[in-house]
Number of protein chains: 2
Amino acid sequence: VGVIFASLAASLDGYIRSSSGDMGWLNDSMRRDEDYGLSETMTRAGAYIMGATTFRESQSMFGGSATGPPTYVVTHAAPADAPPGVTFQAGNLGELSASAKAGTDKDVNVFGGGDILTQTIAAEALDELTLALIPVVLGSGTRLFGDVASETYLRLMDCQSFPSGIVLLRYERAS
Amino acid sequence: VGVIFASLAASLDGYIRSSSGDMGWLNDSMRRDEDYGLSETMTRAGAYIMGATTFRESQSMFGGSATGPPTYVVTHAAPADAPPGVTFQAGNLGELSASAKAGTDKDVNVFGGGDILTQTIAAEALDELTLALIPVVLGSGTRLFGDVASETYLRLMDCQSFPSGIVLLRYERAS
């Protein structure tokens with residue numbers, strides 16, 4: 001049985017994307033000779049949990065025809081026709097995480113930030129959070145964490161800094 | 001001549017205070033035998049820069065009668081009478097930082113988070129930012145960083161993790 005994990009890069013002020021969508025802040029900071037472990041995300045993931053907005057964006061980026069790993073989309077407005085392998089669900093993130101875990105032998109990736117990530121943490125369903133903290137203040141953009149009533153403690157498992165100034169933080173769910 | 005610095009503790013999701021004002025998340029995480037260097041803030045500061053809300057709160061907490069270090073309050077609604085040692089100013093954070101620096105031989109502390117902190121960083125006026133990252137997700141509260149159009153790179157000077165799971169990050173202004 002796999003774990004539920006999220007693996008993201010964020011600015012120091014907690015944005016995973018700038019307002020303009022420009023990725024310079026990320027690409028200019030990361031260095032090829034530094035291993036942040038973010039690439040393993042793709043190979044680890046046997047299923048995805050994401051929000052409706054992230055799903056729409058990934059559909060338009062990668063196309064809707066190819067059947068990828070099972071994808072669970074959190075939405076209150078499920079379309080009548082779901083693409084193959086896609087499940088729309090309005091339930092809470094605890095239930096959704098259990099469904100996603102049951103649907104694969106590999107790990108489940110919570111893809112994207114905001115309320116989905118914070119709700120998964122608040123439901124104590126996120127087993128692992130890896131965060132690459134970029135030494136830049138963006139001032140605005142898409143937030144890593146959402147506004148969710150919660151107070152959830154995590155356990156720091158690893159902290160590593162690189163010459164680029166990027167800090168890699170790895171947290172696990174506190175039991 | 002001193003430097004402009006900020007020294008704060010924040011939750012992993014970037015809050016310096018919970019919605020309720022309860023400090024349990026901070027007090028339960030910090031350990032007496034771990035030195036986060038936050039206490040030196042008081043002894044270092046020869047002047048303060050803060051926002052109007054923070055000023056009002058500190059006045060009601062510590063009283064308005066005692067004359068402390070020079071305090072520069074960023075506000076667009078300056079009262080007619082300023083307490084001794086208090087300067088109300090509507091200018092940008094670059095100018096304000098220069099004024100504050102000129103008013104003391106010691107360092108200047110940007111006190112409180114939100115727009116003031118982010119504007120000071122965006123104006124490239126903040127020389128030093130020390131951040132104690134607490135391993136807790138609060139979900140809501142008073143934000144460390146504000147919504148300010150900017151994209152400002154910092155330089156990581158030091159990164160230290162403690163058995164409590166607190167990570168101490170020290171950044172300097174990138175030149």
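Just so it is clear: chains get the letters A, B, ... in the order the sequence lines come, proteins before strands, and each one is counted from 1.
Residues A:Leu8 and A:Leu126 share a hydrophobic cluster, clusters being chains of Ile/Leu/Val/Met/Phe/Trp/Tyr side chains in contact below 4.5 Å. Hydrophobic clustering keeps A:Val73 apart from A:Leu93 (ILVMFWY residues linked when any side-chain heavy atoms are closer than 4.5 Å, directly or through intermediates). No chain of hydrophobic side-chain contacts below 4.5 Å, direct or via other Ile, Leu, Val, Met, Phe, Trp or Tyr residues, connects A:Leu138 to B:Val148. The cluster map of Ile, Leu, Val, Met, Phe, Trp and Tyr, joined by side-chain heavy atoms under 4.5 Å apart, puts A:Ile4 and A:Phe111 in different clusters. One hydrophobic cluster, built from ILVMFWY side chains closer than 4.5 Å, cannot hold both A:Val136 and A:Leu144; they sit in different ones.
For B:Ile121, the part lying near chain A is the side chain, with the backbone staying farther off; criterion is any non-hydrogen pair under 4.5 Å. Neither the backbone nor the side chain of B:Ile134 comes within contact range of chain A; no heavy atom of the residue lies under 4.5 Å from a heavy atom of that chain. Using a 4.5 Å cut-off between heavy atoms, B:Val167 touches chain A through its side chain atoms alone. Only the side chain of B:Leu169 has a heavy atom closer than 4.5 Å to any heavy atom of chain A.
Between chain B and the residues A:Leu156, A:Leu154, A:Leu129, A:Val137, the most heavy-atom pairs under 4.5 angstrom are made by A:Val137. Your options are B:Pro135, B:Gly165, B:Gly14, B:Cys159, and the one with the most heavy-atom pairs under 4.5 Å with chain A is B:Pro135.
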Residues A:Leu131, B:Leu12; criterion side chain to side chain contact (heavy atoms under 4.5 Å, CB included); working and verdict = CA-CA 10 Å; A:Leu131 186 59; B:Leu12 187 58; 4.1 Å; yes

Write out the donor-acceptor pairs between chain B and chain A under 3.5 angstrom, atom names and distance to 0.1.
unit_1: B:Tyr15; atom_1: OH; unit_2: A:Arg143; atom_2: NH2; d: 2.9
unit_1: B:Tyr15; atom_1: OH; unit_2: A:Asp147; atom_2: OD1; d: 2.9
unit_1: B:Pro135; atom_1: O; unit_2: A:Leu154; atom_2: N; d: 2.8
unit_1: B:Val137; atom_1: N; unit_2: A:Thr152; atom_2: O; d: 2.8
unit_1: B:Val137; atom_1: O; unit_2: A:Ser150; atom_2: OG; d: 3.4
unit_1: B:Val137; atom_1: O; unit_2: A:Thr152; atom_2: N; d: 2.9
unit_1: B:Gly139; atom_1: O; unit_2: A:Val148; atom_2: N; d: 3.0
unit_1: B:Arg143; atom_1: NH2; unit_2: A:Tyr15; atom_2: OH; d: 2.9
unit_1: B:Asp147; atom_1: OD1; unit_2: A:Tyr15; atom_2: OH; d: 2.9
unit_1: B:Val148; atom_1: N; unit_2: A:Gly139; atom_2: O; d: 3.0
unit_1: B:Ser150; atom_1: OG; unit_2: A:Val137; atom_2: O; d: 3.4
unit_1: B:Thr152; atom_1: N; unit_2: A:Val137; atom_2: O; d: 2.9
unit_1: B:Thr152; atom_1: O; unit_2: A:Val137; atom_2: N; d: 2.8
unit_1: B:Leu154; atom_1: N; unit_2: A:Pro135; atom_2: O; d: 2.8

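Here ring-ring contact (aromatic ring centres under 6.0 Å, His included) pairs that include residues 119-147 of chain B, with residues two or more places apart or in two chains, number zero.
Applying the ring pair (Phe, Tyr, Trp, His ring centres under 6.0 Å) rule to A:Phe55 yields the partners A:Phe88; only residues at least two apart in sequence or on another chain are considered.
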